[in-house]
Amino acid sequence: GSAASVANAPSFKMPRKLSGAMMIAAHVGRWSQAQREQMELCDRVERMAERLPLHDLDGPISLAADIAAILKRAHEFEENQLFPALEAMSPPVRPLLMTFRDHHKRDRVSSDTVCMALDRIASIDGPDVKTLKAELFAFAEALRRHVQFEEAIAMALFASRRVDERRVVQ
């Protein structure tokens, strides 16, 4: 994925008139898509770190744009659609969802740091290669861990809860 393909990727918005069971199924599908996209992003970040130092300046700039777009889209879907549906299914899950929201804030701060470093590759005073490599690997590892943790918790909730349609459709 180039920056253009990421920018033009479909959003994760859901129609409002689905039944509870259909809404949950649609959320799982959209959410799985977002999770795969984030895991692929981790792979791309790690591949770039392995190739440093780079002579191609378009790759890092494109990757920086993709990181920002992919995380923004995934986090907006989770926080505005998936998390409310999960909370409707199981109100006691609210503290866990607050933890996920906090993780998203940390992901954004980390991604901002990585994106600025990737953007600086083209400048004369670009980042130290060793430091940038460490930042890229740390970012990919943290995001991968976050995605895997979210996946384990959310899939357990989806699998274990019966959906009361009146509580899920808003």
Side-chain angles (χ1 to χ4, degrees), residues 1-14 26-87 93-155 157:
S2 69
S5 67
V6 169
N8 295 326
S11 72
F12 297 114
K13 293 194 176 172
M14 301 295 303
H27 279 313
V28 170
R30 299 284 183 164
W31 177 73
S32 293
Q33 176 185 346
Q35 298 296 83
R36 276 190 308 276
E37 193 174 38
Q38 290 177 85
M39 293 302 270
E40 290 168 3
L41 179 65
C42 291
D43 293 341
R44 287 179 56 209
V45 167
E46 289 168 342
R47 280 194 305 272
M48 179 154 299
E50 290 165 355
R51 292 188 357 244
L52 288 174
L54 298 171
H55 302 290
D56 166 30
L57 301 180
D58 291 335
I61 293 169
S62 173
L63 181 60
D66 288 355
I67 288 170
I70 289 168
L71 289 184
K72 180 179 190 286
R73 190 170 50 250
H75 291 169
E76 284 178 354
F77 166 71
E78 289 175 355
E79 293 178 13
N80 298 327
Q81 296 179 43
L82 178 64
F83 293 174
L86 288 171
E87 192 171 344
V93 80
R94 182 173 243 243
L96 179 62
L97 298 178
M98 295 304 293
T99 299
F100 286 157
R101 286 181 177 99
D102 184 54
H103 288 182
H104 289 173
K105 289 176 189 169
R106 283 188 256 155
D107 288 347
R108 283 189 290 275
V109 168
S110 176
S111 72
D112 288 347
T113 300
V114 166
C115 289
M116 286 189 295
L118 287 169
D119 287 340
R120 280 195 330 264
I121 286 177
S123 71
I124 292 173
D125 63 337
D128 173 65
V129 171
K130 185 176 180 180
T131 301
L132 179 57
K133 247 184 205 194
E135 287 176 349
L136 291 173
F137 280 123
F139 171 75
E141 181 181 336
L143 181 58
R144 193 178 306 277
R145 228 182 289 129
H146 169 77
V147 167
Q148 290 168 340
F149 181 60
E150 266 186 358
E151 187 171 279
I153 298 299
M155 293 312 288
L157 283 170

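Reckoned from all heavy atoms, side chains included, excluding hydrogens, waters and symmetry mates.
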key: Qualifying residues under salt bridge (charged side-chain N to carboxylate O under 4.0 Å, His left out), relative to Glu46, sequence neighbours excluded   = Arg144
message = Tell me the closest heavy-atom pair linking Glu87 and Val93, and the distance in Å.
response = CA-CG1, 3.9 Å
note = The reported gap from CG in Leu82 to NE2 in His75 (rounded to nearest 0.5 angstrom) is 12.0 Å
task = Drop me the distance from Leu41's CG to Ile70's CD1, to the nearest 0.5 angstrom.
result = 4.5 Å
task = Report yes if some heavy atom in the side chain of Phe139 is under 4.5 Å from a heavy atom in the side chain of Ile67; otherwise report no.
result = yes
inquiry  = If you define the side chain from C-beta out and look only at heavy atoms, does anything of Leu97 sit under 4.5 Å from Glu78?
reply    = no
key: Arg101 CZ: over 12 foreign heavy atoms closer than 6.0 Å   = yes
message = For Ala64 versus Asp119, what's the shortest heavy-atom pair and its separation?
response = CB-OD1, 3.6 Å
inquiry  = Donor-acceptor check, side chain of Ser111 to backbone of Arg108, threshold 3.5 angstrom: yes or no?
reply    = yes
query = Quick one: side-chain contact (heavy atoms from CB on, under 4.5 Å) partners of Arg106, sequence neighbours excluded?
reply = Asp102, His103
query = Between Ala74 and Ala34, which heavy-atom pair has the shortest distance, and what is it?
reply = CB-CB, 4.1 Å
inquiry  = Please determine whether ring-ring contact (aromatic ring centres under 6.0 Å, His included) holds for the pair Phe83 and His104, giving the CA-CA distance in whole Å, both sets of side-chain angles, and the decisive distance to 0.1 Å.
reply    = CA-CA 13 Å; Phe83 293 174; His104 289 173; 5.7 Å; yes
request  = Would you mind reporting whether Glu135 and Thr131 have side-chain heavy atoms less than 4.5 Å apart?
outcome  = yes
query = So do the side chains of Lys133 and Lys130 get within less than 4.5 Å of each other, counting heavy atoms only?
reply = no
ask   = Got a second to check how far Cys42's SG is from Arg145's CZ, nearest 0.5 Å?
value = 10.5 Å
request  = With the side chain counted from C-beta on, respond yes when Leu132 and Val114 share a heavy-atom pair under 4.5 Å apart, and no when they do not.
outcome  = no
message = Using side-chain heavy atoms (C-beta onward) and a distance below 4.5 Å, is Val45 in contact with Leu143?
response = no
task = Decide side-chain hydrogen bond (donor to acceptor under 3.5 Å, both in side chains) for Glu151 and Gln148; before the verdict, give the C-alpha distance in whole Å, the side-chain angles of both, and the deciding distance to 0.1 Å.
result = CA-CA 5 Å; Glu151 187 171 279; Gln148 290 168 340; over 6 Å; no
query = Do Gln81 and Trp31 touch side chain to side chain, with heavy atoms closer than 4.5 Å?
reply = no
key: Interatomic spacing from CD in Glu50 to CE in Met48 - rounded to 0.5 Å   = 11.5 Å
inquiry  = Tell me every residue that passes side-chain contact (heavy atoms from CB on, under 4.5 Å) with Ala68, counting only those two or more places apart in sequence or in another chain.
reply    = none
task = Starting at CG of Leu52, measure out to CZ of Phe137 and round the result to the nearest 0.5 Å.
result = 8.0 Å
Gap separating the CZ atom of Arg94 from the OG1 atom of Thr99, nearest 0.5 angstrom = 12.0 Å
ask   = Name the one of Arg44, Lys72, Arg73, Arg30 that satisfies salt bridge (charged side-chain N to carboxylate O under 4.0 Å, His left out) with Glu37?
value = Arg73
inquiry  = Please determine whether side-chain contact (heavy atoms from CB on, under 4.5 Å) holds for the pair Met39 and Asp43, giving the CA-CA distance in whole Å, both sets of side-chain angles, and the decisive distance to 0.1 Å.
reply    = CA-CA 6 Å; Met39 293 302 270; Asp43 293 341; 5.7 Å; no
